[in-house]
Amino acid sequence: MITGIEVARLPLDLPLRCRCGRVRGVASDVSPSSGFRFVCYCKDCQAFARFLEWPDVLDSAGGTDIFQMPPGRVKLTAGTDAVRCLRLSNKGVLRWYTDCCRTPIGNTAASPRFPIIAIIHSFMVHGADGRRDEVLGRPLCRIYERSALGPLPPNAPPPPALGVFGRRAWSMFGWWVLGLARPSPLFDDRTGAPHAVPRVLMPSERAAL
Ligand SMILES: [Zn+2]
Ligand SMILES: [Zn+2]
């Protein structure tokens, strides 16, 4: 007999959507074992939420709930002209959001060769029943908790256990071998250029966030 929980944990196609619905997409084959969910308390993720003027993306201590998965399993199906890209500094990761309603989409490395796209919870649609934990599993760990804005919420995930990063590296290698690093929905597959020219904040703009 199949229980409800087992059914929910089968890989599924998860709808992606900005707040206003203009930018939409789908994340395929999503399950707790198909990616890495964690909560990041770093200052840059907090600055990104403030740049978008959407502080409630963060938990009460400034954490961002992120799911890393292979880019080849993410597609944007509508509104791609509203996708924008931000860099908090010359060297930082690319932070993607929508221009229509300033919903954070996620983060990528500057090169499409890095086989990870990190999707922020605000761009995932889990329905009114809030099945995020069922669909993605509980966050595996928290990172950069020293930058937290206050006491961590009671449901904060544990610090990273030995092995979490090894497992992540091994999965990344697997995604790369399976060809799931491409195509990325955020980069031109032929030229490798990001679909939106990254706007780089001036140091004074970054400092103001
Ligand atoms: Zn929108
Ligand atoms: Zn962060």
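Residue numbers run from 1 in the order of the sequence given.
Here the side chains of H121 and R37 are not in contact, with every heavy-atom distance at 4.5 Å or above. The shortest side-chain heavy-atom distance between V23 and L16 does not fall under the 4.5 Å cut-off. Counting only heavy atoms from C-beta outward, the side chains of L140 and F38 never approach each other to under 4.5 Å. Between F36 and R167, the closest side-chain pair of non-hydrogen atoms falls below 4.5 Å. Residues T64 and F48 form no side-chain contact, since every pair of their non-hydrogen atoms from C-beta on lies 4.5 Å or further apart. Residues F123 and W96 fail the side-chain proximity criterion, which asks for heavy atoms closer than 4.5 Å.
Looking only at distances, no side-chain donor or acceptor of S184 sits under 3.5 Å from a matching main-chain atom of P71. Remark: the backbone N or O of T103 is paired with a side-chain donor or acceptor of T98 at under 3.5 angstrom. A donor-acceptor pair under 3.5 Å is formed between the side chain of R142 and the backbone N or O of P157. Looking only at distances, no side-chain donor or acceptor of R22 sits under 3.5 Å from a matching main-chain atom of C100. Between the R24 side chain and the T77 main chain, no donor and acceptor come within less than 3.5 Å of each other.
More than 12 heavy atoms of other residues, nucleotides or ligands sit less than 6.0 Å from atom CH2 of W54. Within 6.0 Å of CZ in R182 there are 12 or fewer heavy atoms belonging to other residues, nucleotides or ligands.
Nearest heavy atoms, E145 versus Y41: CA-CB, 4.0 Å.
Annotation: cation-pi geometry not satisfied between R113 and F187 (NZ/CZ under 6.0 angstrom from ring centroid, within 45° of ring axis).
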